[in-house]
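The model shown is predicted, which means the values in this text are computed figures rather than measured ones.
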Amino acid sequence: MIFGNYADWTVQNIIIRIVVATVLGGLIGLDRGMKHRGAGTKTITVVCLGATLVMLTEQYIQVNFPGLANMNRLAAQVISGVGFIGVGTIIIANHRVRGLTTAATLWASASVGLAVGIGFIDGGVLITAMMLLSLHVLPYAERFATKNSHYCSVFIDLERGQYLHEVLQNLKEADISVDSMEMSKPTIKGEGIAVHLVLYAKRIVNNEEVYGILMKSDKVLSVDFL
């Protein structure tokens with residue numbers, strides 16, 4: 001163990017687990033709070049501490065009431081229960097899904113709390129460090145990959161469904177092919193449609209160029225890139 005063995009049921013170990021859970025939950029929550037996400041420092045710290053208490057309670061039952069504790073039962077309830085909380089942070093607006101990272105962070109924070117609560121502090125600390133590293137580094141890697149991608153995801157609103165052929169023809173003339181396409185229900189007086197297109201170009205094209213190609217048709221009401 002890197003940080004020592006805190007699995008024994010002693011007052012000192014219990015205090016250390018609670019303090020560590022508070023610090024780790026606070027660090028994760030502080031990172032989300034600085035970015036003004038739905039679940040910030042208070043929420044994630046409380047979730048982490050709650051999960052820690054569950055595992056402490058499990059061990060307490062095992063120590064004081066031998067044979068009655070099932071170390072997996074309460075932990076499983078925490079994992080599924082926090083999943084329901086996470087669902088409440090997910091919002092779909094303007095063709096975008098928001099809150100998935102916050103929901104995943106809540107779930108992972110509960111898992112960190114469970115690990116620390118049973119004394120597996122090494123796992124909790126290392127996972128917290130990797131979570132924070134991922135939340136800070138991966139967005140840069142994702143932006144770099146997106147910038148250099150040959151694919152483009154875009155939503156367009158059309159006055160009528162029959163005008164889609166004109167848009168597809170403009171894309172074809174620009175040597176841009178349609179990788180996938182989904183159409184929604186009518187949006188404007190029963191005639192308009194919203195179309196989700198995943199486009200592929202042999203060369204790297206930026207959003208401004210794609211926007212110009214799509215807006216060649218005066219029947220396109222709006223363009224929204226994902």
Side-chain angles (χ1 to χ4, degrees), residues 28 31-40 44 83-109 111 127-226:
I28 298 171
D31 175 77
R32 305 307 293 164
M34 288 189 300
K35 297 177 181 178
H36 302 283
R37 304 307 185 192
I44 292 181
F84 282 105
I85 296 176
V87 169
T89 68
I90 300 174
I91 301 173
I92 300 177
N94 297 325
H95 310 303
R96 290 177 172 82
V97 179
R98 301 181 183 277
L100 281 176
T101 302
T102 298
T105 303
L106 280 169
W107 184 87
S109 299
S111 300
I127 290 300
T128 298
M130 293 308 297
M131 282 176 59
L132 294 174
L133 183 65
S134 299
L135 290 171
H136 282 275
V137 174
L138 291 182
Y140 293 102
E142 185 177 11
R143 281 196 290 270
F144 176 80
T146 301
K147 185 178 179 180
N148 294 277
S149 174
H150 291 265
Y151 288 89
C152 175
S153 182
V154 62
F155 272 92
I156 60 173
D157 288 312
L158 293 169
E159 288 185 4
R160 294 186 180 183
Q162 57 264 40
Y163 297 138
L164 179 59
H165 176 74
E166 180 182 342
V167 173
L168 297 179
Q169 184 61 36
N170 290 338
L171 289 170
K172 184 178 180 181
E173 291 175 358
D175 200 24
I176 298 176
S177 60
V178 177
D179 185 72
S180 66
M181 177 172 59
E182 295 179 6
M183 290 181 288
S184 72
K185 296 178 180 179
T187 57
I188 303 175
K189 298 181 180 180
E191 298 179 347
I193 60 169
V195 186
H196 177 211
L197 298 170
V198 177
L199 307 175
Y200 173 79
K202 294 180 180 179
R203 58 187 176 84
I204 298 176
V205 294
N206 55 40
N207 290 349
E208 290 77 11
E209 185 175 350
V210 175
Y211 179 84
I213 296 169
L214 294 173
M215 293 303 291
K216 280 184 179 180
S217 173
D218 57 0
K219 306 303 180 182
V220 177
L221 301 177
S222 66
V223 177
D224 186 19
F225 291 92
L226 297 183

Using a 4.5 Å cut-off on heavy atoms from C-beta on, say whether the side chain of Ile193 contacts that of Glu159. no

Do Met183 and Leu164 touch side chain to side chain, with heavy atoms closer than 4.5 Å? yes

Check the pair Leu158, Leu221 against side chain to side chain contact (heavy atoms under 4.5 Å, CB included), reporting the backbone distance first and the verdict last. CA-CA 6 Å; Leu158 293 169; Leu221 301 177; over 6 Å; no

Contacts of Ser134 meeting side chain to side chain donor-acceptor pair (under 3.5 Å) (sequence neighbours excluded), chain-then-number -> none

Crowding at CD, Glu142 (>12 non-hydrogen neighbours, <6.0 Å): no

Among Val195, Val178, Ile213, Val220, find the residue that satisfies the side chain to side chain contact (heavy atoms under 4.5 Å, CB included) test when tested with Val167. Val220

Listed by chain and number, what are the ring-ring contact (aromatic ring centres under 6.0 Å, His included) partners of His150, not counting sequence neighbours? none

Worked verdict on Leu214 versus Leu171 for side chain to side chain contact (heavy atoms under 4.5 Å, CB included): CA-CA 7 Å; Leu214 294 173; Leu171 289 170; 3.9 Å; yes

Contacts of Arg203 meeting salt bridge (Lys or Arg N to Asp or Glu O under 4.0 Å) (sequence neighbours excluded), chain-then-number -> Glu209

Is a side-chain N or O of Ser109 found less than 3.5 angstrom from the main chain of Thr105, in a donor-acceptor match? yes

Measuring from Leu132:CG to His136:NE2, what's the distance to the nearest 0.5 Å? 6.0 Å

Tell me, with the steps shown, if Met131 and Asp31 meet side chain to side chain contact (heavy atoms under 4.5 Å, CB included). CA-CA 10 Å; Met131 282 176 59; Asp31 175 77; over 6 Å; no

Smallest separation among heavy atoms of Thr128 and Ile28, with atom names: CG2-CG1, 3.7 Å

Taking atom CG of Asn206 and atom SG of Cys152, what is their separation to the nearest 0.5 Å? 9.5 Å

How many angstroms lie between atom CG of Asp224 and atom OG of Ser153, to the nearest 0.5 angstrom? 9.0 Å

Hits for ring-ring contact (aromatic ring centres under 6.0 Å, His included) against Tyr200, two or more places apart or cross-chain, chain-then-number order -> Tyr151

Side chain to side chain donor-acceptor pair (under 3.5 Å): pairs with one or both residues in residues 214-223, sequence neighbours excluded: Asp157-Ser222, Glu166-Ser217

How about Tyr211 and Phe225: do any of their side-chain heavy atoms sit closer than 4.5 Å? yes

With Val223, the side chain to side chain contact (heavy atoms under 4.5 Å, CB included) member among Asn207, Val210, Ile156, Leu197: Ile156

What residues, two or more places apart in sequence or in another chain, satisfy side chain to side chain donor-acceptor pair (under 3.5 Å) together with Asn170? none

